[in-house]
Number of protein chains: 2
Amino acid sequence: MTTDTAPLTHIVDDDEAIRDALSWLFRTRNVPCATWPSAEAFLEAWQLEWRGCIVMDIRMQGMSGLDCSTALRQRGSTLPIIFITGHGDVPMAVGALKRGAFDFIEKPFDDNALVDVVQSALDEDARNQARRSTRVDVAARLEQLTGREREVMGLILAGKFNKVIADELNISMRTVEVHRARVFEKMGVRSAVELAQQLTLAGLYNNAAPLAE
Amino acid sequence: MTTDTAPLTHIVDDDEAIRDALSWLFRTRNVPCATWPSAEAFLEAWQLEWRGCIVMDIRMQGMSGLDCSTALRQRGSTLPIIFITGHGDVPMAVGALKRGAFDFIEKPFDDNALVDVVQSALDEDARNQARRSTRVDVAARLEQLTGREREVMGLILAGKFNKVIADELNISMRTVEVHRARVFEKMGVRSAVELAQQLTLAGLYNNAAPLAE
DNA sequence: GCCGCTATTGTGGATGACCGCAAGCCTGCC
DNA sequence: GGCAGGCTTGCGGTCATCCACAATAGCGGC
């Protein structure tokens, strides 16, 4: 549980000279970083909890940077990725960005510009972190619910009265009350309003209440 | 109120030959389109309600495509913009995409590819439309609320009891009830739960209820 | 068989939400 | 001055929610 989740800038490049240069650059600017000699090495070590950003060459021996980013996204990573390339073209850059890359920089690059970009990538990751952690938290709470409780919760969020819920589930009102109380307890809220806010905010329950009239 | 809101693909280019070619291409593919000889002309005619997408040359006489997109965004347009360029470079493409462009295509382009991109841009606009219209709708309803009603609504969304709200506002419970009813009525909901969902979904009220424990 | 978890139900009471009816006060506008 | 709109309040009643106390029952695991 003592996982190191401090933001880290990951340098992924198969060229040792570049790795060293970037590493030196970031360290002198007080940006904590780590280096990886290949996409494969990084992918293997990568953990979902990692924060920070990735500075990766797009063309490498073995797995390409683009494929690496695809693999990361599939595994749920949201780390901002900054691609670096020596022989990039417009379609490649467009493709990378449309797939969610944070930036795409050509070599040779300006040291200050790169550090600035990394900084804003770190900022973005920090911002994402807040949202993500509430979502994870809410999802964990949802996991604790029993089937019946989830069922009742759905009907509560549909704005139905306990009486109606009881009818629909063919159980007594009292039972609904019990489930309702458990749902509130497990979800850590004290009212249906808070419950609705929490789930809607986390994007885990889009009831999309139709507007009247 | 009979504004024409049918999706339209706007071609903005100062080269008449290109306009004609694109116009012909889209028409033969059953993609309704309109042409504009300059960014200025388009900007002047543009209406917030317009739907569809924009295919625009990035380099034109007078205002550039990039500046035009900036102007459009400032005025609230969310129309997807596809840039076309004959002399683009990577930084230009990256800049355009990071500012929200939908795509960035180099000349010469493949007809089929362009039509595909336009199609997906139109799809995206249609998707956005749903979200936007509910947000606009909710915003309009919020406008109708009186100051006091907004105040009460805030406390309702904070999950407080009428009694507490009455205390905090130094008014009677009955008054709170009246405001509460008016809020529900004007917002077109029938319960606090629906209210919370509607506002949270529209992103117009982020109460960010803190998780317990 | 006992334990833990889940689902179920009842009674009765306290508290809160919602509503119709009625009405007083103040402000800005014609 | 009258009128509209907003803010205020009281009364009395209905309906819904929440909760403590109490209890039954099925299911899977030790």
Side-chain angles (χ1 to χ4, degrees), chain A residues 138-200 205 207 209-213, chain B residues 138-200 205 207 209-213:
Chain A
V138 171
R141 288 167 188 270
L142 280 177
E143 279 298 309
Q144 295 180 348
L145 297 182
T146 67
R148 204 54 154 169
E149 284 162 358
R150 249 187 291 274
E151 214 167 347
V152 171
M153 188 184 76
L155 296 171
I156 292 174
L157 291 173
K160 302 188 176 176
F161 294 139
N162 286 352
K163 195 170 126 186
V164 179
I165 298 175
D167 277 352
E168 293 194 18
L169 298 182
N170 281 313
I171 54 180
S172 77
M173 244 185 71
R174 186 63 188 90
T175 307
V176 175
E177 289 176 25
V178 173
H179 288 317
R180 186 186 185 105
R182 285 233 182 293
V183 168
F184 286 179
E185 186 190 343
K186 289 185 178 175
M187 297 302 293
V189 298
R190 281 184 346 280
S191 69
V193 176
E194 283 183 22
L195 182 67
Q197 287 174 339
Q198 199 170 101
L199 291 182
T200 312
Y205 195 94
N207 192 37
L211 298 177
E213 281 161 292
Chain B
V138 172
R141 286 165 188 270
L142 279 176
E143 279 298 309
Q144 295 180 347
L145 297 181
T146 66
R148 206 52 154 172
E149 284 162 357
R150 251 187 288 275
E151 215 167 346
V152 171
M153 188 184 75
L155 297 170
I156 291 174
L157 292 173
K160 301 187 178 176
F161 295 139
N162 285 352
K163 194 172 129 187
V164 178
I165 297 176
D167 278 352
E168 291 194 20
L169 298 181
N170 280 313
I171 55 180
S172 77
M173 249 184 68
R174 187 65 186 88
T175 307
V176 175
E177 289 173 359
V178 172
H179 287 318
R180 187 184 185 108
R182 284 232 181 294
V183 169
F184 286 179
E185 185 190 343
K186 290 184 178 176
M187 296 303 292
V189 297
R190 278 179 354 275
S191 70
V193 175
E194 283 184 21
L195 183 67
Q197 287 174 340
Q198 197 171 101
L199 291 182
T200 312
Y205 196 94
N207 191 39
L211 298 176
E213 282 159 286

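Every chain is numbered from 1, with letters handed out A, B, ... down the list of sequences.
- Under a 3.5 Å cut-off, the side chain of Arg150(A) and the backbone N or O of Leu142(A) do form a donor-acceptor pair.
- Here the closest heavy-atom approach between residue Arg148(A) and residue Leu169(A) is recorded as NH2-O, 3.5 Å.
- Residue contacts shown for Thr146(B) are limited to sugar-phosphate atoms, with no base heavy atom under 4.0 Å away.
- When distances run from any side-chain atom of Glu149(A) to the nucleotides dA7(C), dT9(D), dT9(C), the shortest one goes to dA7(C).
- If you measure from atom CZ of Arg180(B) to atom P of dG16(C), you get 12 Å, rounded to the nearest angstrom.
- Per the geometry, CG belonging to Leu145(B) stands 15 Å off C1' belonging to dC7(D), to the nearest Å.
- With hydrogens and angles ignored, the 3.5 Å screen pairs a side-chain donor or acceptor of Gln197(A) with a backbone N or O of Leu157(B).
- A close approach under 4.0 Å does not occur between any side-chain nitrogen or oxygen of Thr175(B) and OP1 or OP2 of dT8(D).
- In this structure, Glu151(A) atom CD and dA7(C) atom P are separated by 9 Å, rounded to whole Å.
- When the nearest nucleotides of DNA chain D are assigned to Val178(B) and Phe161(A) by heavy-atom distance, the more 5′-ward of the two goes with Val178(B).
- Minimum heavy-atom separation, Gln144(B) to Lys186(B): O-NZ, 3.1 Å.
- Protein atom CE of Met173(B) is 13 Å distant from nucleotide atom P of dC11(D), rounded to whole Å.
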Run Arg182(A) and Val152(A) through side-chain contact (heavy atoms from CB on, under 4.5 Å) and show every step you take.
CA-CA 10 Å; Arg182(A) 285 233 182 293; Val152(A) 171; over 6 Å; no

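- Distances shown here put every side-chain N or O of Asn162(A) at or beyond 4.0 Å from the OP1 or OP2 atom of dA16(D).
- Nucleotides of DNA chain D nearest to Leu169(B) and Glu177(B) differ in position, and the one nearer the 5' end is that of Leu169(B).
- One atom, CD1 of Ile165(B), and another, P of dG16(C), lie 12 Å apart when rounded to the nearest Å.
- When the C1' atom of dC18(C) is taken as reference, atom CD1 of Ile156(B) falls 12 Å away, rounded to whole Å.
- Taking 3.5 Å as the limit, the base of dG20(C) and the side chain of Arg174(B) contain a donor-acceptor pair of atoms between them.
- OP1 or OP2 of dT8(D) has at least one side-chain nitrogen or oxygen of His179(B) nearer than 4.0 Å.
- Regarding Leu195(A), its CG atom lies at a distance of 11 Å from the P atom of dC18(D), rounded to whole Å.
- Under 3.5 Å, the side chain of Arg148(B) and the base of dG6(D) form no donor-acceptor pair of N or O atoms.
- In this structure, CD of Glu185(A) is placed 13 Å from P of dC18(D), rounded to the nearest angstrom.
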